[in-house]
Amino acid sequence: MSSKMSRSSRRRKHAVSQLNLMVVGFSSLGKTSFIRMLYDTLCRLKEDIELPTSLSKRAETAQDAEATRTKELYSFTLDIEEEGEKISLTLVDCPGFVRDNELRLDVQVTEVLRYIEAQFDQTLAEETKVKRNPKAQDSQIHACLYFIDNTNNGLTDKDIRILKRITARVNVIPIVAKADLLTTTQLANLKKAINRDIKQHQIPVFDFPVDEEDVSESETAAEVVADIQTQIPFSIIAPEDAELTDPSTSEKILGRQYSWGVIDCLNPKHCDFVVLRNVLLSSHRKLFKDVTLELYYEQYRTERLMARKASKMITKEQKKKLMEDLQEI
């Protein structure tokens with residue numbers, strides 16, 4: 001019995017958990033900068049990882065910024081370890097949504113949804129195989145970070161339309177971009193306005209529910225979740241490319257230098273990056289995956305199977321008439 005237990009524990013110890021994250025939002029909100037900062041906090045000492053151009057090439061001028069701007073959806077995977085657990089982390093970066101072209105904007109959102117649904121299709125195809133691949137990778141998007149422009153007083157009509165579409169397919173976490181441009185009061189008011197709009201328009205973003213087991217096992221765990229809920233939407237500040245030194249500790253930091261002082265992007269008092277990082281990689285990672293599989297994937301799977309069943313019920317005469325009608329349009 002003990003030998004079986006030890007073999008089982010070794011398998012769990014060496015098992016790799018997969019986590020797939022996507023970032024979306026309008027252009028010039030720091031989505032790629034966020035990915036770069038996440039990478040820097042996870043793998044900055046690793047030299048064997050080949051980064052996409054938009055991450056590896058720093059923008060020093062306006063021309064550089066335009067050249068390195070994300071122009072098409074791409075993804076890359078990092079093998080990391082968080083709290084003793086191995087994680088295969090895939091990050092998906094998307095081109096910034098356009099602001100001045102409604103038709104193009106709808107196309108961009110559709111492309112994001114098609115990518116998410118394509119990952120569901122891979123799972124569905126694997127499930128329908130007679131002999132399944134035991135090493136099949138989980139490519140489903142487990143969480144999507146939606147970056148919000150801090151110059152608006154809450155959500156715009158475009159934000160609302162986009163969020164209503166993507167929350168039908170994935171766990172969405174709202175993010176206040178470039179929070180260093182706001183005072184403490186302005187940030188608090190903006191978060192309040194965003195939460196008001198989310199509630200008013202009934203947008204089902206991920207709400208970080210309090211697990212009943214957490215409440216029964218530990219009041220502290222429930223308090224942590226409650227504290228996370230008060231910080232939504234999370235505020236993010238991307239660091240400068242140059243290395244900075246904290247004047248109070250003389251330690252190198254990821255931050256931003258201003259005439260009045262230095263912002264430490266990894267200081268929870270300055271922004272919510274550390275909290276968000278912990279939520280994604282540790283405290284809520286399993287919940288994101290469970291909700292994706294049990295809610296979003298099952299909903300998509302049901303829709304696809306019902307559509308297939310409905311298409312089979314159409315008679316040859318109906319198909320012929322349908323084709324004739326389509327030709328007349």
Side-chain angles (χ1 to χ4, degrees), residues 21-34 92-113 115-116 141-210 225-238 268 270-273 275-277 279-280 284 287-288 291-292 295-296 299:
L21 306 177
M22 172 182 277
V23 295
V24 300
F26 285 93
S27 61
S28 302
L29 293 183
K31 301 180 297 298
T32 303
S33 295
F34 167 79
V92 183
D93 194 7
C94 301
F97 296 145
V98 298
R99 293 179 169 83
D100 56 355
N101 188 323
E102 293 284 346
L103 181 59
R104 176 57 185 156
L105 174 59
D106 285 340
V107 170
Q108 286 182 305
V109 177
T110 298
E111 289 173 348
V112 168
L113 290 171
Y115 181 88
I116 295 172
I141 301 300
H142 302 122
C144 175
L145 308 185
Y146 183 80
F147 280 63
I148 300 169
D149 193 336
N150 65 39
T151 61
N152 300 315
N153 184 28
L155 299 176
T156 64
D157 290 341
K158 292 177 181 177
D159 285 324
I160 293 168
R161 188 168 76 243
I162 294 168
L163 284 168
K164 283 193 172 183
R165 290 185 67 185
I166 62 177
T167 50
R169 286 290 184 247
V170 67
N171 295 306
V172 174
I173 302 173
I175 305 292
V176 175
K178 300 184 177 181
D180 53 311
L181 301 180
L182 302 173
T183 66
T184 303
T185 301
Q186 288 172 333
L187 178 59
N189 290 338
L190 178 57
K191 286 190 174 189
K192 188 180 298 184
I194 291 172
N195 285 324
R196 175 203 64 208
D197 292 340
I198 287 174
K199 183 176 181 181
Q200 179 181 339
H201 294 280
Q202 299 180 332
I203 301 171
V205 298
F206 191 82
D207 59 357
F208 295 90
V210 178
V225 173
D227 183 56
I228 291 173
Q229 291 174 334
T230 64
Q231 297 182 61
I232 300 171
F234 298 106
S235 62
I236 294 298
I237 300 173
H270 296 173
C271 78
D272 301 325
F273 174 80
V275 176
L276 176 60
R277 180 184 182 279
V279 160
L280 294 172
H284 286 72
L287 185 56
F288 288 134
V291 173
T292 298
L295 176 63
Y296 292 108
Q299 179 179 304

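Reckoned from all heavy atoms, side chains included, excluding hydrogens, waters and symmetry mates.
- For the atom pair N189 CG and N153 CG, the distance stands at 8.0 Å (nearest 0.5 Å).
- No side-chain heavy atom of K31 sits less than 4.5 Å from a side-chain heavy atom of L145.
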Discussion item. side-chain contact (heavy atoms from CB on, under 4.5 Å), that's the test. Do I194 and D159 meet it? Break it down for me.
Written reply: CA-CA 10 Å; I194 291 172; D159 285 324; over 6 Å; no
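- Between I116 and M22, some side-chain heavy-atom pair lies under the 4.5 Å cut-off.
- Side-chain atoms of K178 never come within 3.5 Å of backbone atoms of T151 as a donor-acceptor pair (strictly under, hydrogens ignored).
- Taking all atoms of both residues into account, the shortest heavy-atom contact from R161 to D106 is NE-OD1, 3.6 Å.
- In this structure, the side chains of V24 and F97 come closer than 4.5 Å at one or more pairs of heavy atoms.
- D272 has its side chain within reach of K191: a pair of non-hydrogen atoms, C-beta onward, lies under 4.5 Å apart.
- Between F234 and F208, the angle of the ring planes goes over 60°, which puts this pair in the perpendicular group of the 30/60° scheme.
- Side-chain contact between H201 and L163 is absent, with no heavy-atom pair separated by less than 4.5 Å.
- The side-chain contact (heavy atoms from CB on, under 4.5 Å) with R169 is formed by just one residue from the set L113, V112, T292; it is L113.
- Heavy-atom minimum distance, S235 versus A179: CB-CB, 3.7 Å.
- Looking only at side-chain heavy atoms (C-beta outward), F26 and I162 come within less than 4.5 Å of each other.
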Discussion item. Between D180 and H270, is the side-chain contact (heavy atoms from CB on, under 4.5 Å) condition met? List the steps.
Written reply: CA-CA 8 Å; D180 53 311; H270 296 173; over 6 Å; no
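- Contact check for N150 versus L190: side-chain heavy atoms found under the 4.5 Å cut-off.
- Atoms CG and NZ, from L187 and K192 in turn, are 12.0 Å apart once rounded to the nearest 0.5 Å.
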Item to complete: Test R99 against D149 for salt bridge (Lys or Arg N to Asp or Glu O under 4.0 Å), laying out the working first.
Response: CA-CA 11 Å; R99 293 179 169 83; D149 193 336; 3.5 Å; yes
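- C271 SG to Q231 CD: the interatomic distance, rounded to the nearest 0.5 Å, is 10.5 Å.
- The minimum heavy-atom distance between I175 and P233, with the atom names listed, is N-CB, 4.3 Å.
- Looking at D197, its side chain does come within 3.5 Å of a backbone N or O of L155 through a donor-acceptor pair.
- In this structure, F206 and F288 have tilted ring planes: the angle between them lies in the 30° to 60° band.
- Looking at V23 and L21, their side chains never come closer than 4.5 Å, going by heavy atoms from C-beta outward.
- Residues N171 and H142 share a closest heavy-atom pair of ND2-O, 2.8 Å.
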Discussion item. Go through it in stages, so that I can follow the logic: the residues are K158 and E102, the test is side-chain contact (heavy atoms from CB on, under 4.5 Å), and I'd like the CA-CA distance, side-chain angles, deciding distance and then a yes or no.
Written reply: CA-CA 9 Å; K158 292 177 181 177; E102 293 284 346; 3.1 Å; yes
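- Considering all non-hydrogen atoms of both residues, F147 and G30 come closest at CE2-O, 4.0 Å.
- Between Y115 and V92, the shortest heavy-atom distance links the atoms OH-CG2, 3.9 Å.
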